[in-house]
Amino acid sequence: MATRNASSSRSSGSGSKNKITAMLKADHKKVKKAFKDFEKLDPQEDPESCQALVSQTLAEIEVHAELEEQLFYPAARGAIKEEDLIDEAEVEHMTAKVLIEQLKGMGPDDEKFAATFKVLGEYLNHHIQEEEGEMFPQLTQSGAEWDTVLEEMMAQREQLMEEKGMPAEGEESEARGAARGASSGSGKRAGSESRPQASGKSSRSSSEKE
Ligand SMILES: [Fe+2]
Ligand SMILES: [Fe+2]
């Protein structure tokens with residue numbers, strides 16, 4: 001279990017709420033790009049690249065979905081007027097997981113491999129639109145302990161990525177950089193990216209910020 005350091009990362013709840021939504025939006029952007037990249041590949045001609053892109057994207061989606069389900073949605077329930085939006089999002093996650101499981105059992109030589117991944121992308125685009133367009137804007141600052149939720153999401157992200165053998169991302173939002181700096185040293189880096197270790201605040205000024 002990654003350690004938490006509550007005192008050093010303590011910030012205002014509204015800042016933490018915005019950092020969380022910025023982090024989730026950064027994930028969304030990355031996943032949407034992966035689905036676009038996939039369209040440029042041909043499963044027959046380049047099965048290895050297709051498989052690599054799909055496997056990595058599924059792992060990223062799974063980490064994101066677990067963070068939302070375990071930590072973000074439960075917190076958001078207390079901070080949103082239309083709780084139905086959370087119910088709908090949870091159902092959409094379950095439906096997406098059916099496609100994800102199907103894809104895990106397939107390879108690029110499967111007839112429906114590309115079609116299944118494409119449908120997953122279309123489905124997630126719709127889901128992302130609802131999260132960013134309806135759910136996130138409705139979240140109130142006072143309805144949840146956002147500071148704690150952010151810390152827990154950061155710690156769990158590290159842990160899940162490590163479990164899945166995923167390298168730390170080269171591209172990270174200000175939210176991730178700042179929060180990771182507060183609990184540094186908990187996760188090992190695979191070192192495939194040349195970014196400097198986050199040692200506090202990220203020097204990037206993220207455009208993901210709301
Ligand atoms: Fe999401
Ligand atoms: Fe979601």
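Heavy-atom basis, side chains included; hydrogens, waters and symmetry copies ignored. Order of listing sets the numbers, starting from 1, for every ligand and every atom in it. Just so we're clear, the structure is a prediction, and the values are computed from it rather than from any experiment.
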*Asks:* Among residues at least two apart in sequence or on other chains, which ones pass side chain to side chain donor-acceptor pair (under 3.5 Å) with Gln129?
*Replies:*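 Gln129: no side chain to side chain donor-acceptor pair (under 3.5 Å) contacts found.
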*Asks:* Nearest heavy-atom pair of Ala76 and Ile86: which atoms, and what distance?
*Replies:*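 What the structure gives for the nearest pair is CB-CD1, 3.7 Å.
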*Asks:* So, for Trp146 and Ala75, which heavy atoms are closest and what is the spacing to 0.1 Å?
*Replies:* CZ3-CB, 4.0 Å
*Asks:* I need the minimum non-hydrogen distance between Leu71 and Gln156, along with the two atoms involved.
*Replies:* CD1-OE1, 3.1 Å
*Asks:* For the Fe ion (ligand 2), check which protein N, O or S atoms are under 2.8 Å away and list them.
*Replies:*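 Within the sphere that stays under 2.8 Å of the Fe ion (ligand 2), the protein atoms of type N, O or S are Glu68 OE1, Tyr73 OH, His93 NE2, His127 NE2, Glu131 OE2.
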*Asks:* Could you tell me which residues satisfy salt bridge (charged side-chain N to carboxylate O under 4.0 Å, His left out) with Asp110, sequence neighbours excluded, listed by chain and number?
*Replies:*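 If we apply the salt bridge (charged side-chain N to carboxylate O under 4.0 Å, His left out) test to Asp110, skipping adjacent residues, there are no hits.
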*Asks:* Among pairs that include at least one residue of residues 83-102, which meet ring pair (Phe, Tyr, Trp, His ring centres under 6.0 Å), considering only residues two or more places apart or in two chains?
*Replies:* Tyr73-His93, His93-His127
